[in-house]
Amino acid sequence: MYDVIVAGLGGMGSAAAHHLSSRGARVLGLERFGPAHANGSSHGGSRIIRQSYFEDPAYVPLLLRAYELWEKLERDSGRDLLSMTGGVMVGPPLSKTVAGSLLSAQQWGLPHEMLDADEIRRRFPTLTPEPDEVALYEARAGFVRPEETVTAHLQLAAARADIHFEEPMVAFESTSDGVRVVTAKRTYEAGELVICPGAWAPDLLADLNVPFAIERQIQYWFDPAGGVAQFDHSHHPIYIWENAEGVQVYGFPAHDGPSGGAKVAFFRKGVLCTPDTIDRTVYQDEIDAMAAHMATRIPNLPGKFLRAATCMYTTTPDEHFVIARHPAHERVTVACGFSGHGFKFVPVVGEILADLALDGRTEHPIALFDPSRSFA
Ligand SMILES: Cc1cc2nc3c(=O)[nH]c(=O)nc-3n(C[C@H](O)[C@H](O)[C@H](O)COP(=O)(O)OP(=O)(O)OC[C@H]3O[C@@H](n4cnc5c(N)ncnc54)[C@H](O)[C@@H]3O)c2cc1C
């Protein structure tokens, strides 16, 4: 009998398996696919990490703890996971991206600088903002490597835990002293169950009654005109750039050598799908639309299209996460609905899930993520 079963070993579940097993729990991890696969939400080489959080200042304490845990994970795994490149949040002064980031920075006393359009162009010659656009610059922003992170957590967890790939959970039920989990192969009993299903949340967690929307998203890689050197992180930061219509686009320095290109994506603009129906083909009109959107902002970026990859968001109506003890199952903890901005929190979510499963509570502020909140 296991102390805890973790179902879903993507970004969040692999972190939970590591934190649980490092606290001495006997853990079984179950994953539908193989390790660090590209069928869910945690692939594509890079994820933005930042602290001046426009989504809500309530995320900042979690980010401060996440940064500590990212550094610890790098040390413990011996892997290169985190690159601090600096980041700019660009847009009209009153845009959510700029004003929201500034609110978090001011509320939490986070180091930042405000740059006008001339200063943005001077400091970052790849970027050509409109005269009325400004940016919040944050030195403590950068990116993390999602596949390397999942691999790191899985390897650390596997030192103590049983990890089963290609073994999806098909059902679970509460028992008198824990949970019973049925997989495609057999049935297991455990004291606790932690479910981190990513885009499979609507199937596995329908009884949460959270109206999740699964969205197809696209990551694009371009070989910049003039080569990748000018897009190196010493010249080109991570950025989130909001236009006057509220459309947000974000991107990364080139970090995969001369042929890797630089990645860019729209933050939202997703098409509804399910994990079974998602169209993995990326079409020429989509590539053209991205190139056109960037042509005035980062003119050298859309030099030559290299490749694209689809990915899924699991979005809640308020775009805040769902992390809680399951309201209908005493021994079940859930983490889902990361709404396209969860990866930077991966290690702290692992810590929170271990707290909830082993202690029934956490010191971390997670009231915003209560599944019983109103979605009206
Ligand atoms: C294109 C894109 C860009 C993003 N950019 C950023 C960014 O810059 N910064 C940021 O912070 N966040 C970003 N995100 C969001 C972030 O990547 C996600 O919030 C995060 O990866 C979600 O992790 P997860 O563990 O919930 O999902 P996943 O990593 O998909 O893990 C869920 C796992 O559960 C498994 N599973 C499902 N059903 C079962 C079952 N029945 N039994 C066993 N296993 C099962 C799946 O196979 C999968 O491995 C981005 C997401 C995408 C798609």
Side-chain angles (χ1 to χ4, degrees), residues 5-17 28-50 53 55 59 62-63 66 70 87 141-147 149-150 153-154 163-172 181-185 193-205 212 214-220 238-240 248 250-252 263-270 273 275-276 278 308-316 319 321-323 334-346 348-350 353:
I5 294 175
V6 180
L9 299 175
M12 306 303 167
S14 61
L28 169 64
L30 297 170
E31 166 55 45
R32 176 185 293 274
F33 298 107
H37 62 85
N39 305 313
S41 305
S42 299
H43 58 280
S46 53
R47 291 288 185 269
I48 287 182
I49 176 164
R50 55 195 160 90
Y53 216 58
E55 286 84 345
Y59 287 87
L62 297 174
L63 287 163
W70 279 112
F143 67 90
V144 292
R145 293 171 175 74
E147 293 90 342
T149 301
V150 174
H153 276 136
L154 288 176
I163 303 287
H164 295 185
F165 296 110
E166 314 291 341
E167 187 173 350
M169 175 174 81
V170 293
F172 65 93
V181 168
V182 181
T183 74
K185 295 185 178 161
L193 172 62
V194 176
I195 307 179
C196 304
W200 287 261
D203 296 340
L204 289 173
L205 297 173
F212 298 110
I214 309 303
E215 293 171 26
R216 168 184 176 272
Q217 299 287 341
I218 308 168
Q219 316 173 76
Y220 302 84
I238 65 99
Y239 56 89
I240 300 179
Q248 289 166 302
Y250 64 92
F252 300 81
K263 187 173 104 172
V264 62
F266 286 114
F267 193 6
R268 304 234 164 254
K269 279 191 138 209
C273 68
D276 295 327
I278 180 170
T310 54
C311 179
M312 288 179 284
Y313 285 0
T314 306
T315 303
T316 65
E319 295 168 6
F321 309 158
V322 171
I323 306 176
V334 299
C336 55
F338 288 94
S339 303
H341 62 114
F343 207 87
K344 61 186 80 60
F345 298 89
V346 151
V348 71
V349 172
L353 293 174

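Atoms within a ligand are numbered from 1 in the order they appear, just like the ligands themselves. Nothing here was measured: the structure is a model prediction, and the numbers come from that model.
Here A308 pairs with I218, Y220, V282, F305 under the side chain to side chain contact (heavy atoms under 4.5 Å, CB included) rule; sequence neighbours left out. Partners of H341 under the ring-ring contact (aromatic ring centres under 6.0 Å, His included) rule, at least two apart in sequence or in another chain, are Y53, Y59, F321. In this structure E55 satisfies the salt bridge (charged side-chain N to carboxylate O under 4.0 Å, His left out) test together with R50, sequence neighbours excluded.
Sorted by chain and number, the heavy-atom contacts of ligand 1 below 4.0 Å come from G8, G10, G11, M12, L30, E31, R32, F33, H37, G40, S41, S42, R47, I48, P168, M169, C196, P197, G198, W200, L204, Q219, Y250, C311, M312, Y313, F338, G340, H341, G342, F343, K344.
Side-chain atoms of S339 come within 3.5 Å of backbone N or O of T316 as a donor-acceptor pair.
Taken to the nearest 0.5 Å, the OG atom of S42 stands 6.0 Å off from the CZ atom of R47.
Remark: of the listed residues R32, E147, H43, E31, E31 is the sole one forming a side chain to side chain donor-acceptor pair (under 3.5 Å) with H37.
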